[in-house]
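Because the structure is predicted, anything quoted here is derived from the model rather than measured. Numbers here simply count residues along the sequence, with the first being 1. Worth knowing before you read on, the calculation uses all heavy atoms, side chains too, and leaves out hydrogens, waters and symmetry mates.
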Amino acid sequence: MSKYQVIVMESPYENYEKSLEVRDLLKDVFKLKLDGYKAYHEFGIMPVGSDDFFSNHIIICQEKEDGELRPVAAFKSITNGVSNRFNISFPIIEHNLKGVEEDYQDHVTEVVSWLNDKQIKNEIVGYNFGWTISPFIKERSERDFLINFSTAMYFYYYNNYNINHVITAAFKDFGVHKIQERMGFSYFEKDGEALPAFRGKVFQDKEAYFMYLEDLDFPVDFKSSVKFFEKYWNNRITYNNEKLSAQDNEAA
């Protein structure tokens, strides 16, 4: 089996100038996202943007024989707190329904109402998005391993960072919504009925569902299934202000 290393790269906006490692890693993550999305989506879908500089990136790397770390899977997360801090809009509606909001008023209403409820209660919400696995990983067993690896990091990241509620847009392609179901996510509803899939222009009319997880209520069987991957999380590398400031002091 390949050797793997997990890296958490926090808010590149705050750390970009401080670290060559962060700059190089962000470049590699952008390449992973572009390679992944171009391989499976129509031309024009943009998997990177300004939100990449404010989000935390959870990255699974393969360690090559020379010790170089190559990103092979990643997702990113941004919280409502970060959006408030930088005075930017929480991006889930813009990312998925830009230009078609009028066609999906029920979706907008239910999602915004849920977010506002959490904001009023001063509770943290994470928006999980941009999940990508390298298209150069061809072996089915290895891709399945990276899917399980990614969902395990999902569990450990949100628990470790004390982000109690998570929201996402789960695409029907590749059965992502079914993966989210196994993780305990629920579909947004209106009058007791699950909202249907939406089709956003941003993603070339691909079908997706808005889904959420409250109080990190992961199912027991899912929590049991991720224990194998805990060692990778415990051995993670984290790039953040605290670590990079310490490096600066040592260099001085």
Side-chain angles (χ1 to χ4, degrees), residues 7-19 21-38 40-41 44-60 71 73-101 104 107-108 111-112 114-116 118-119 123-134 150 153-154 157-158 161-171 173 176 180 185 198 200-204 206 208-213 238-241 244:
I7 301 176
V8 178
M9 178 171 56
E10 297 182 7
S11 187
Y13 173 82
E14 299 177 72
N15 300 311
Y16 191 84
E17 295 88 353
K18 297 178 183 178
S19 171
E21 293 166 312
V22 168
R23 294 194 292 274
D24 284 344
L25 183 58
L26 187 62
K27 174 193 66 178
D28 291 343
V29 169
F30 283 172
K31 183 179 186 306
L32 169 68
K33 298 295 178 73
L34 289 168
D35 287 344
Y37 274 65
K38 285 182 176 180
Y40 297 109
H41 299 287
I45 293 179
M46 178 56 67
V48 299
S50 60
D51 49 74
D52 281 279
F53 288 92
F54 303 106
S55 300
N56 288 354
H57 299 258
I58 299 81
I59 307 152
I60 300 170
F75 61 88
K76 53 190 171 181
S77 177
I78 189 169
T79 66
N80 51 350
V82 169
S83 294
N84 294 337
R85 178 184 173 200
F86 288 103
N87 196 30
I88 58 177
S89 61
F90 196 65
I92 188 166
I93 297 298
E94 181 179 359
H95 276 181
N96 296 283
L97 293 182
K98 184 177 181 180
V100 294
E101 296 94 329
Y104 296 101
H107 295 69
V108 174
V111 168
V112 170
W114 187 84
L115 290 171
N116 286 343
K118 300 296 181 281
Q119 187 79 16
E123 296 179 342
I124 299 176
V125 175
Y127 169 39
N128 202 86
F129 61 116
W131 182 23
T132 312
I133 295 175
S134 171
S150 298
M153 293 306 99
Y154 210 118
Y157 171 74
Y158 283 105
Y161 278 71
N162 297 313
I163 301 169
N164 291 327
H165 312 293
V166 188
I167 189 170
T168 192
F171 286 83
D173 280 8
V176 176
Q180 302 291 153
F185 277 72
F198 63 85
K201 288 183 178 179
V202 176
F203 288 97
Q204 307 284 16
K206 291 184 180 296
Y209 299 93
F210 287 124
M211 301 180 75
Y212 66 92
L213 180 72
T238 302
Y239 294 124
N240 57 22
N241 278 326
L244 296 174

Test log, rule side chain to side chain contact (heavy atoms under 4.5 Å, CB included), inputs Asp51 and Tyr127: CA-CA 11 Å; Asp51 49 74; Tyr127 169 39; over 6 Å; no
Under 3.5 Å: donor-acceptor pair, side chain of Thr132, backbone of Lys33: no
Side-chain heavy atoms of Asn96 within contact of Phe171, under 4.5 Å: yes
OH-CG distance between Tyr154 and Asn128, expressed to the nearest 0.5 angstrom: 3.5 Å
Asn80 (side chain) donor-acceptor with Leu115 (main chain) under 3.5 angstrom: no
Min side-chain heavy-atom separation Pro91-Ile78 under 4.5 Å: yes
Parallel, tilted or perpendicular, as decided by the 30° and 60° cut-offs, for the rings of Phe54 and Phe86: tilted
Parallel, tilted or perpendicular: ring planes of His165 versus Trp114, cut at 30 and 60 degrees: perpendicular
Aromatic plane relationship, His95 with Phe129 - under 30° parallel, 30 to 60° tilted, over 60° perpendicular: tilted
Salt bridge (charged side-chain N to carboxylate O under 4.0 Å, His left out) involving Lys31 - partner list, sequence neighbours excluded: Asp35
Any Leu213 side-chain heavy atom under 4.5 Å of Tyr158 side chain: no
Donor-acceptor pair, side chain of Thr168 and main chain of Ala170, under 3.5 angstrom: no
Over 12 foreign heavy atoms within 6.0 Å of OH, Tyr13: no
Side chains of Ile163 and Tyr157 in contact at under 4.5 Å (non-hydrogen atoms): yes
From His107 atom NE2 to Glu101 atom CD, the distance as rounded to the nearest 0.5 Å: 13.0 Å
Reported CD1-to-CE distance for the pair Ile59 and Met9, which is rounded to 0.5 angstrom: 4.0 Å
Pro71 side chain near Leu25 side chain, heavy-atom distance below 4.5 Å: yes
Side chain to side chain contact (heavy atoms under 4.5 Å, CB included) evaluation trace for Val176 with Tyr209: CA-CA 10 Å; Val176 176; Tyr209 299 93; over 6 Å; no
Side chain to side chain contact (heavy atoms under 4.5 Å, CB included) between Val100 and Phe198, worked out: CA-CA 10 Å; Val100 294; Phe198 63 85; over 6 Å; no
Sidechain-backbone polar pair: Asp52 side chain, Gly49 backbone, donor-acceptor under 3.5 Å: yes
Side-chain heavy atoms of Leu26 within contact of His57, under 4.5 Å: yes
Lys76 side chain near Val29 side chain, heavy-atom distance below 4.5 Å: no
From Glu14 atom CD to Ser19 atom OG, the distance as rounded to the nearest 0.5 Å: 13.5 Å
Verdict with reasoning, Lys118 to Asn164, per side chain to side chain contact (heavy atoms under 4.5 Å, CB included): CA-CA 10 Å; Lys118 300 296 181 281; Asn164 291 327; over 6 Å; no
